K.L.:
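Just passing along the structure, written as structure tokens.
All heavy atoms count here, side chains included; hydrogens, waters and symmetry mates do not. Keep in mind the model is a prediction, meaning the values are calculated, not measured. By convention in this document, chain letters (A, B, ...) are assigned in the order of the sequence lines, proteins followed by strands, and residues within each chain are numbered from 1.
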Amino acid sequence: MALSLEHTEEYMRDPRKHQFSPYADNGGTSIAIAGDDFVMLASDTRLSQGYNVLSRNHSKCFKLTSQTLLSSTGCLADVLTLTKILEARLTNYAHEHLETMSTTAIAQLLSTLLYWRRFFPYYVSNILVGFDEDGKGVVYHYDPVGHMEKMTYCASGASVTLIQPLLDNLVGGKNMKDGRTTPITQDFAKRLIHDGFVSAAEREIATGDGCTIYTITKDDVTEETFKLRKD
Amino acid sequence: MNISRQLVNPMLWSGGPVPGEFYEFPRICRKTESDPLKHTLYPSTSGTSVVGFTYKDGVMIAADTKGSYGSLSRFMDIDRLFKATDQAVLACGGDIADYQFIKDVIEQKVRDDECAGSMKVLDAGSLHCWLTRVLYNRRTRFDPLWLDCVVAGFKAGKPFLGFVNKIGMAYEADEIASGFGVHFSLPMIRDARDKKSELTKEEARKLMRECMKILYYRDCKAHHKYQIADITAEGVKIDVCDFKKETNWDVAFYGN
């Protein structure tokens, strides 16, 4: 049937709505690597929009509980809203159940929160890290609409295409003759994160300025920073 | 539905008359309610850059007083900066009407707090946080407040400087600018900070004047008259400055 598109209901909305974009890309990259008794989560500290650097010390990592950390990159407006809602839900849970939510429960909650906005998504790439029921380090990776995958290492955000292959090779042992035989040590993970960010900052404009690495163990969360190139 | 549209070849030629319908002659523009160009054809009054940075004793923030109507310099003496409380100042770029609306809402909020006998005054951190929620809500409803807000003041006794824009994108930093200020003022402030990490009040004022002057030279929607707010532990001081007499436009006559 010859029905022209501009006469359908879809194309006859309020004019102002076509002028305005509700999303922005604020860049940012994060890496997570899990070991048997630790997890590391790192993100760069550049906040950008297009070619502008808005801030040079803006961490994308959020400490949700003493054992669970979240890193969110993408549209900062959505990042702020999502983390605010998540933190409120965790506080409510803690008050109702008199204990903090487990990493696995938070992982499912985050997926549900993302899927609630399936048709007006949060434009955010998330990595959630913590410990599973057996006490082993875990990394959960999400797409913007709530698809969740449990892994032991992953990268996300602006430089994911530069860093993920590196991790696949050196942590996952992909396409190696014998694969990976030795367990991941904290020292190895830290050096890998460092090299990953330094390399990404060379080639990707939305990544740079500095990097914060959080290391979670059974006992505590430690934080350390190093500098990246500022151009 | 019109029968003619169901014909195999409804139009005689592309854009031409259709059997059984009135023909719309080309170039006779009929502006209807659903015209998608409406917003850009009829711009409303807007303000340009806002610049702010922290210094040794507090925070300084400035905005010029021009209201532009598209490329027309429509109003020369408009407020784009106001004191919400003794600990919070808000300055906005973007739509002036939206700024005046949010200003009224904030002033009423502050009055409500006062009348309710609240022990705490609204500080810059709280105002910034509240603005992120309001602006994000409006963008999610596709009815945004067209603003770039810079909130300056104190949060829990420490200097605070924060930014929120029309989609609810918000961050805190030691130097913040919106509009052309991002390109011209931010590098100047970061450069000054690299040379000397803690600026004194005099240095901060001089730097701000230099920032506003460069913006006046380079941004055709900027103005020589500007409001500057200085927020310290003692309170808020708002001045109106003008550097028209200092500017040098010799280059405009070069070669004439």
K.L.:
Hey, is Arg190(B) close enough to Asp174(B) for a salt bridge, meaning N to O under 4.0 Å?
P.N.:
no
K.L.:
Hey, is Asp143(B) close enough to Arg138(B) for a salt bridge, meaning N to O under 4.0 Å?
P.N.:
yes
K.L.:
Checking Val79(A) against chain B: side chain, backbone, both or neither under 4.5 Å from a heavy atom?
P.N.:
neither
K.L.:
Flag the pair Asp148(B) and Lys166(B) as a salt bridge only when some basic side-chain nitrogen lies within less than 4.0 angstrom of an acidic carboxylate oxygen.
P.N.:
no
K.L.:
If you count heavy-atom pairs under 4.5 Å with chain B, which of Tyr23(A), Tyr51(A), Phe120(A) comes out on top?
P.N.:
Phe120(A)
K.L.:
Would a line drawn from the ring center of Phe226(A) to the ring center of His194(A) be shorter than 6.0 Å?
P.N.:
yes
K.L.:
What part of Asn26(A) gets within 4.5 angstrom of chain B, counting heavy atoms only: side chain, backbone, both, or neither?
P.N.:
side chain
